[in-house]
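Written below as structure tokens is the structure these notes are about.
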Amino acid sequence: HKADALLTQYPKVVIATTFADCFPVLLFDSEARVIAVMHCSYKTILGDIIAKTVLIAGKLKAYPENMWAVIGPGICKDCYEIKEDVRYCYAGYEEFLIESNGRIFADLKGLTVRKLSEARIFEDRICAYERCTCCYRENDQSIYFSARRQRSNPIEAGLAALCMER
């Protein structure tokens, strides 16, 4: 089955999502011993995947004030160009769109941080990885898969597992 979010409270169960330039987001509440992993594309973020995942986690006694969020590597605002027909999807979040030389770029990481905050996760508990999957290089080599750069299927994965013993 395909899913853009998974969560568990079972120890030693690994949950994962694949991503290319979209952001993997991991949530965890060490008190409730709940973890979640989400595939955060513009569609899922604007479709409230974060709020929905936090709501479901609440049914497992995990609450946003106890959660930590880790935003993994994804495409940066300088590389994430969108087309005019996608602009309307950002209604209410236009501050995350950047126009430059007749082109439109989106700050997907900034939007993700905002949506995490809107879901009541404290900003000092949000950790964002700073490397771009599209343009970051080490020793003149790209180290991340990028659908924008490579134009093929994703091969990266975001993993999470509870390793705490009860």
Side-chain angles (χ1 to χ4, degrees), residues 1-77 79-80 86 89-90 92-93 96 106-134 136 138 142-150 152-166:
H1 298 282
K2 292 184 179 185
D4 286 310
L6 296 169
L7 63 126
T8 188
Q9 63 184 156
Y10 296 109
K12 301 178 184 174
V13 170
V14 177
I15 56 177
T17 184
T18 58
F19 61 98
D21 291 318
C22 301
F23 288 90
V25 176
L26 309 175
L27 297 177
F28 66 97
D29 179 331
S30 60
E31 291 180 34
R33 297 180 180 200
V34 171
I35 57 170
V37 61
M38 296 172 284
H39 169 258
C40 289
S41 66
Y42 82 90
K43 289 180 184 177
T44 61
I45 294 169
L46 293 169
D48 288 328
I49 193 169
I50 293 169
K52 291 173 183 175
T53 302
V54 168
L55 183 68
I56 292 169
K59 294 178 181 184
L60 300 175
K61 307 288 189 248
Y63 303 109
E65 59 271 14
N66 298 328
M67 288 184 184
W68 287 84
V70 177
I71 304 170
I75 196 163
C76 73
K77 63 186 174 186
C79 294
Y80 188 43
V86 175
C89 296
Y90 287 83
Y93 295 95
F96 297 101
D107 181 2
L108 201 54
K109 185 186 336 181
L111 178 60
T112 302
V113 170
R114 166 73 63 81
K115 287 295 206 170
L116 287 163
S117 296
E118 287 177 2
R120 298 189 349 236
I121 296 173
F122 298 129
E123 287 197 33
D124 65 343
R125 289 177 167 242
I126 301 170
C127 306
Y129 203 68
E130 295 302 323
R131 294 181 178 169
C132 174
T133 51
C134 190
Y136 182 80
E138 283 185 6
S142 300
I143 62 168
Y144 298 107
F145 175 82
S146 170
R148 294 279 171 134
R149 188 181 67 247
Q150 293 165 284
S152 60
N153 292 327
I155 57 170
E156 307 277 36
L159 305 172
L162 281 173
C163 297
M164 300 175 276
E165 295 295 326
R166 291 203 183 262

(Q) As a quick check of understanding, evaluate side chain to side chain contact (heavy atoms under 4.5 Å, CB included) for Leu27 and Ile121, giving each step before the final call. (A) CA-CA 10 Å; Leu27 297 177; Ile121 296 173; 3.6 Å; yes
Q: Determine, step by step, whether Leu108 and Cys40 satisfy the side chain to side chain contact (heavy atoms under 4.5 Å, CB included) criterion, reporting the C-alpha distance in whole Å, the side-chain angles of both residues, the deciding distance to 0.1 Å, and the verdict.
A: CA-CA 9 Å; Leu108 201 54; Cys40 289; over 6 Å; no
Q: Could you grab the distance from atom CZ of Phe122 to atom CG of Leu116, nearest 0.5 Å is fine?
A: 13.0 Å
Q: To the nearest 0.5 Å, tell me how far Leu26 CG sits from Ile15 CD1.
A: 8.0 Å
Q | CE on Met38 to CD1 on Ile49, rounded to 0.5 Å | A | 6.5 Å
Q) Looking only at heavy atoms, which two atoms of Ile50 and Thr112 are closest? And how far apart? A) CD1-O, 3.9 Å
Q: Using atom types as modelled and distance alone, determine if a side-chain donor or acceptor of Asp29 lies under 3.5 Å from a backbone N or O of Tyr63.
A: yes
Q. Is there a donor-acceptor pair under 3.5 Å between the side chain of Thr44 and the backbone N or O of His39?
A. yes
Q) Where the side chain of Asp48 meets the backbone of Ala51, is there a donor-acceptor pair that is under 3.5 Å apart? A) no
Q. Distance from Lys52 atom NZ to Leu55 atom CG, nearest 0.5 Å?
A. 10.0 Å
Q: For Phe23 and Gly72, work out which heavy atoms get closest and say how close.
A: CD2-O, 3.1 Å
Q: Would you check if Val25 and Thr53 make a side-chain contact, meaning some heavy-atom pair closer than 4.5 Å?
A: no
Q | Electrostatic pair Lys109:Glu130 at N-O distance under 4.0 angstrom | A | yes
Q) Got a donor-acceptor contact below 3.5 angstrom from the Arg120 side chain to the Glu65 backbone? A) no
(Q) In the structure I gave you, are the side-chain heavy atoms of Tyr129 and Val70 within less than 4.5 Å of one another anywhere? (A) no
Q.
To the nearest 0.5 Å, what is the distance between CD1 on Ile45 and NZ on Lys115?
A. 9.0 Å
**Q.** Minimal non-hydrogen separation, Ile126 against Ile71, with atom names
**A.** CG2-CD1, 3.9 Å
(Q) Quick check: closest heavy atoms across Ala57 and Leu7, and the distance to 0.1 Å? (A) CA-CD1, 4.1 Å
Q | Euclidean distance, Arg114 CZ relative to Phe96 CZ, rounded to 0.5 Å | A | 4.0 Å
Q. Which class fits the ring pair Trp68 and Phe28: parallel under 30°, tilted 30 to 60°, perpendicular over 60°?
A. parallel
**Q.** Shortest non-hydrogen separation from Ala32 to Lys61 and the atoms involved
**A.** CB-O, 3.1 Å
Q: List the atom of Cys22, the atom of Ser41, and the distance in Å for their closest heavy-atom pair.
A: SG-CB, 3.4 Å
